[in-house]
Asks: 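Next up is a structure, given as structure tokens.
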Amino acid sequence: MAAVVEHPISPEVENSTMGSQLDALNQWVMDVARVTQPDRIQWCDGSDSEFAELVRGMEADGTLLPLNSETHPESWLHRSHPDDVARVEHLTFVCTSEREDAGPNNHWMSPADAHAKMDALFAGCMRGRTMYVIPYCMGPIDSPLARCGVEITDSPYVVANMRIMTRMGAAALARIEREGRFVKGLHSIGELDPERRFIMHFPEELTIQSYGSGYGGNALLGKKCHALRIASHQARSEGWLAEHMLILGVENPQGQTHYIAAAFPSACGKTNLAMLIPPEGYRNEGWKVWTVGDDICWMRPGPDGRLYAINPEAGFFGVAPGTSEKSNPNALATIQRNTIFTNVGLTDDGQPWWEGLDDRKPAFDWRGNAYDCNGPAAHPNARFTVSARQCPSWSPKAEDAQGVPISAIVFGGRRASLVPLVFEARDWKHGVLVGAAMGSETTAAATGAVGVMRRDPMAMKPFCGYNFADYFAHWLSFDKPGAQLPKIFHVNWFRKGEDGKFLWPGFGENLRVLEWMIERVEGRASATDTPIGALPKIGDIRLDGVALSDEARRVLFDFDRAGWQAEVDSLASFLDEFGTRVPVALKNEQARIAAELRNG
Ligand code: GTP
Ligand code: SPV
Ligand code: MN
């Protein structure tokens, strides 16, 4: 920010004690204050009393509405600005010095241009406001895989959310002071004007700057900005992976647990799978599912060559619509208390409500207007923010500094046609291609049209902080002598029948598919080899008690050769968008499958 003219700042800020032993941090905070000119600076320690004080302020100015304290103690509703309801991919930039390093998968701006633009927006933007300094740690505080950052923001709502979503406060600050290195995130809600809204990433400077939005992934900078875009960039040079994946443990009746990581695009079922409750028959046999993470996974090879994963987050920022006692009882139990709801509807007795919850009628929609039955009461991207510790299936291993060993990686998306319920990649290289080929219909998690098919490799299209071609090469590089890599699978819970309804019941029943995967990992289950991978026959998966239509039985386990030929051809053109940077091994893999499809 050297180029910016510095303005006088308030005497209170000028004289405020800087909260850190680390000069570089104090210096950066003061530099930001000189530009943004807040009335006050508050260093956040993450304490209960600090949280209570923030909440009192937000209740007083209407930022938070207390919910019914009998049904939902210590819980609030926040209504965002109606133009600020989701991530904004068209306003999100990766600012590397070389354009090619950001790749065609990202919007790019030169660091100089981006800094000039952001400096102008930030100038004086915190006048009359408090500037909060939030030290946070992504991952268990004592984990070698964890990484720290500091977010500066003028939004108390962001502070309250960061406290739930990250390990925030004194312990994180101590680690930052010890390491001397942290990601610098600067955020201001500005005027919440969509015309003056930018989410900028400077991976080479370990810096994030976000202006003009208070929502989710745009504003809680530890989440998508740090733990995915910046972290993926760091991970590439340091030999690990930062992924848009849930992590769960499946414990069999013998008490053995396999951990599985799964990448599905935004609003495609990560939270739901992570909190799966086994179907009754499985429960009676003694199967259990443990939640380690629901959105982000950092993995690196351990001494035994296996991939070990941590969840860098401490809470869930989950999709509310569709969450019910039937679809996700664990989520519902988790959000009974100490929860911030954003953009849900409200019943006449002050309870949060959303489509799919139950058949009550809400009194107010997410904007706070009397509900008139026109359109949804909750915004389709309405969310809950809640501590993961409240989840009944929360795994004790989620706090393990070394992480959990991953047995299987799963890719999947919303595919109304063609893609079967599940298949297995033949090896790591093929699995990387399966991930690179992922496609899904867009959802309300980002602004823009919903239901449009797009390529979303490894569910990282909005989140990979560098060129996808280099990212694919990085994935391939894990296949080396001594590696004990997970098996890779692809699933599709969203295949539709001729009537437009989902053919697979999904949710808890998805455990049947996970069981088959685990048996494959252990070398026990059978499958049929096809050019696209190994497919179970209907009898290879336990389906006792599942009501499946004849169409579902036919289609979910079917391999449609002609359809896949077109799919694999279009994959070649997709890879070509990345030019000569795409690893030859990946192109060869595509060519191998295309040939098998032709010749078979
Ligand atoms: P982000 O937080 O945006 O990354 O989303 P997510 O991947 O965690 O998605 P989530 O689990 O919140 O699910 C999004 C929507 O998909 C919800 O409305 C769910 O009800 C629905 N959904 C989840 N799992 C299934 C499934 O197995 N079958 C069907 N049909 N719908 C599902
Ligand atoms: C997603 O869109 O993948 C989310 C929600 O998890 S947000 O945090 O807003 O990015
Ligand atoms: Mn997500």
Side-chain angles (χ1 to χ4, degrees), residues 80 84-89 92 158 161-162 165 199 210 213-229 243-248 262-277 291 293-297 311 313 315-324 326-328 330-332 335 342-343 354-357 376 378-385 410-416 421-422 440-448 450 456 459-463 491-497 500-514:
S80 78
D84 185 31
V85 292
R87 284 183 295 100
V88 282
E89 295 180 6
T92 299
V158 166
N161 277 271
M162 284 291 285
M165 295 304 297
I199 326 295
S210 165
S213 166
Y215 206 91
N218 299 333
L220 313 178
L221 300 187
K223 197 171 174 52
K224 298 304 167 67
C225 300
H226 177 165
L228 288 177
R229 298 195 192 95
E243 299 300 325
H244 190 202
M245 291 178 177
L246 68 95
I247 309 164
L248 60 72
F264 309 152
S266 301
C268 289
K270 289 182 301 302
T271 301
N272 278 271
L273 190 66
M275 296 180 190
L276 182 151
I277 293 191
T291 310
D294 84 322
D295 199 51
I296 302 181
C297 164
N311 169 13
E313 302 191 281
F316 307 123
F317 183 64
V319 176
T323 307
S324 72
K326 191 158 172 288
S327 65
N328 193 346
N330 273 330
L332 219 57
I335 58 181
T342 300
N343 291 346
W354 49 83
E355 277 62 30
L357 175 62
H379 187 277
N381 193 38
R383 300 252 168 186
F384 50 77
T385 319
V410 184
F411 295 118
R414 283 180 189 265
R415 295 295 299 259
L421 181 64
V422 58
S440 195
E441 292 143 26
T442 52
T443 65
T447 57
V450 167
D456 191 350
M460 285 288 277
K461 169 73 185 71
F463 307 120
V491 300
N492 179 20
W493 313 142
F494 299 96
R495 185 83 177 253
K496 287 183 177 166
K501 297 209 175 108
F502 294 123
L503 288 169
W504 175 248
F507 302 102
E509 307 297 345
N510 293 334
L511 181 60
R512 299 172 187 279
V513 177
L514 301 184

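Atoms within a ligand are numbered from 1 in the order they appear, just like the ligands themselves. Here the structure is a predicted model, which is why all the values come from computation and not from measurement.
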Asks: Residue-level breakdown please: for F463 versus ligand 2, do any non-hydrogen atoms fall below 4.0 Å on the side chain, on the backbone, on both, or on neither?
Replies: side chain
Asks: So L276 and L511, do their side chains get closer than 4.5 Å, heavy atoms only?
Replies: yes
Asks: Out of all atoms in ligand 2, which are within 4.0 Å of some heavy atom of R383? Include the element for each.
Replies: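 With R383 as reference, the close atoms of ligand 2 come out as 4 (C), 5 (C), 6 (O).
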Asks: I'd like to check K224 versus P462 (side-chain heavy atoms, cut-off strictly below 4.5 Å). Are they in contact?
Replies: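 The answer is no, as the side chains (C-beta and beyond) never meet within the 4.5 Å cut-off.
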Asks: Determine whether the side chain, the backbone, both or neither of D295 has a heavy atom under 4.0 Å from any heavy atom of ligand 2.
Replies: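 For D295, only side-chain atoms sit under 4.0 Å from ligand 2.
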Asks: May I ask you to check whether H244 has an N/O atom sitting below 3.5 Å from an N/O atom of ligand 2?
Replies: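 Yes.
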Asks: F463: what forms a ring pair (Phe, Tyr, Trp, His ring centres under 6.0 Å) with it, not counting sequence neighbours?
Replies: H244
Asks: Do me a favour and list the nearest non-hydrogen protein atom to atom 8 (O) of ligand 2 with residue, atom name and distance?
Replies: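 Scanning the protein heavy atoms, the shortest distance from atom 8 (O) of ligand 2 goes to K223 CE, 3.1 Å.
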Asks: How about M275 and F507: do any of their side-chain heavy atoms sit closer than 4.5 Å?
Replies: no
Asks: How close do A445 and S266 get, counting heavy atoms only, and between which atoms?
Replies: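 Taking A445 first and S266 second, the nearest heavy atoms are CB-CB, 3.4 Å.
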Asks: Ignoring hydrogens and angles, tell me if any N or O in the side chain of K223 forms a donor-acceptor pair with the backbone of G217 under 3.5 Å.
Replies: no
Asks: With a 4.5 Å cut-off on side-chain heavy atoms, are V319 and T271 touching?
Replies: no
Asks: Return the closest protein heavy atom for atom 9 (O) of ligand 2 as residue, atom name and distance.
Replies: G217 N, 2.9 Å
Asks: Do V513 and V410 have side chains that get closer than 4.5 Å, going by heavy atoms?
Replies: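 A side-chain contact is absent here, since even the closest heavy-atom pair is not under 4.5 Å.
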Asks: Test your reading of the structure: does Y215 have an N or O sitting under 3.5 Å from an N or O of ligand 2?
Replies: no
Asks: Which of the numbered atoms in ligand 2 are below 4.0 angstrom from a heavy atom of A445?
Replies: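 Per the distance check, 2 (O).
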Asks: What's within reach of the Mn ion (ligand 3), meaning protein N/O/S atoms under 2.8 Å?
Replies: K224 NZ, H244 NE2, D295 OD1
Asks: Less than 4.5 Å apart, side chain to side chain, heavy atoms only: is that true for F317 and D295?
Replies: no
Asks: Would the distance check show the side chain of T291 and the main-chain N or O of A274 forming a donor-acceptor pair, the cut-off being under 3.5 Å?
Replies: yes
Asks: Between D294 (side chain only) and N272 (backbone N and O only), is there a donor and an acceptor less than 3.5 Å apart?
Replies: no
Asks: What residues form a side-chain hydrogen bond (donor to acceptor under 3.5 Å, both in side chains) with R414, not counting sequence neighbours?
Replies: none
Asks: Side-chain contact, heavy-atom cut-off 4.5 Å: L421 with W493?
Replies: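 The answer is yes; the side chains approach within 4.5 Å.
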Asks: Look at ligand 2 and say whether K270 reaches it with a heavy atom at a distance under 4.0 Å.
Replies: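 For ligand 2, residue contact (heavy atoms, under 4.0 Å) with K270 is absent.
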Asks: Check whether any side-chain heavy atom of V88 sits under 4.5 Å from a side-chain heavy atom of S213, and report yes or no.
Replies: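 V88 vs S213: side chains apart.
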Asks: I need the nearest protein heavy-atom contact for atom 6 (O) of ligand 2: residue, atom name and distance, please.
Replies: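 Result for atom 6 (O) of ligand 2: K224 NZ, 2.6 Å.
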Asks: If I compare all heavy atoms of A444 with all of A86, which pair ends up nearest, and what's the gap?
Replies: O-CB, 3.7 Å
Asks: Give the atoms of ligand 2, by number and element, whose distance to some non-hydrogen atom of F317 is under 4.0 Å.
Replies: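 The atoms of ligand 2 under 4.0 Å from a heavy atom of F317 are 8 (O), 9 (O).
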Asks: Give every pair formed by an N or O atom of ligand 1 and a protein N or O atom closer than 3.5 Å, one pair per line with both atom names and the distance to 0.1 Å, or write none.
Replies:
residue: ligand 1; atom: 2 (O); partner: R383; partner atom: NH1; Å: 2.7
residue: ligand 1; atom: 3 (O); partner: A267; partner atom: N; Å: 2.9
residue: ligand 1; atom: 3 (O); partner: R383; partner atom: NH1; Å: 3.4
residue: ligand 1; atom: 3 (O); partner: R383; partner atom: NH2; Å: 2.8
residue: ligand 1; atom: 4 (O); partner: K270; partner atom: NZ; Å: 2.7
residue: ligand 1; atom: 4 (O); partner: D295; partner atom: OD1; Å: 3.0
residue: ligand 1; atom: 5 (O); partner: A267; partner atom: N; Å: 2.7
residue: ligand 1; atom: 7 (O); partner: C268; partner atom: N; Å: 3.3
residue: ligand 1; atom: 7 (O); partner: G269; partner atom: N; Å: 3.1
residue: ligand 1; atom: 7 (O); partner: K270; partner atom: N; Å: 2.8
residue: ligand 1; atom: 7 (O); partner: K270; partner atom: NZ; Å: 2.7
residue: ligand 1; atom: 8 (O); partner: K270; partner atom: N; Å: 3.4
residue: ligand 1; atom: 8 (O); partner: T271; partner atom: N; Å: 2.8
residue: ligand 1; atom: 8 (O); partner: T271; partner atom: OG1; Å: 2.9
residue: ligand 1; atom: 9 (O); partner: C268; partner atom: N; Å: 3.4
residue: ligand 1; atom: 9 (O); partner: G269; partner atom: N; Å: 2.9
residue: ligand 1; atom: 11 (O); partner: K270; partner atom: N; Å: 3.4
residue: ligand 1; atom: 11 (O); partner: T271; partner atom: N; Å: 3.1
residue: ligand 1; atom: 11 (O); partner: N272; partner atom: N; Å: 2.9
residue: ligand 1; atom: 11 (O); partner: N272; partner atom: ND2; Å: 2.8
residue: ligand 1; atom: 13 (O); partner: G269; partner atom: N; Å: 3.4
residue: ligand 1; atom: 13 (O); partner: N272; partner atom: ND2; Å: 3.4
residue: ligand 1; atom: 16 (O); partner: R414; partner atom: NH2; Å: 3.2
residue: ligand 1; atom: 18 (O); partner: P321; partner atom: O; Å: 3.2
residue: ligand 1; atom: 27 (O); partner: F507; partner atom: N; Å: 3.0
residue: ligand 1; atom: 27 (O); partner: N510; partner atom: ND2; Å: 3.1

Asks: Distance under 4.0 Å to a non-hydrogen atom of S266: what atoms of ligand 2 satisfy this?
Replies: 1 (C), 2 (O), 3 (O)
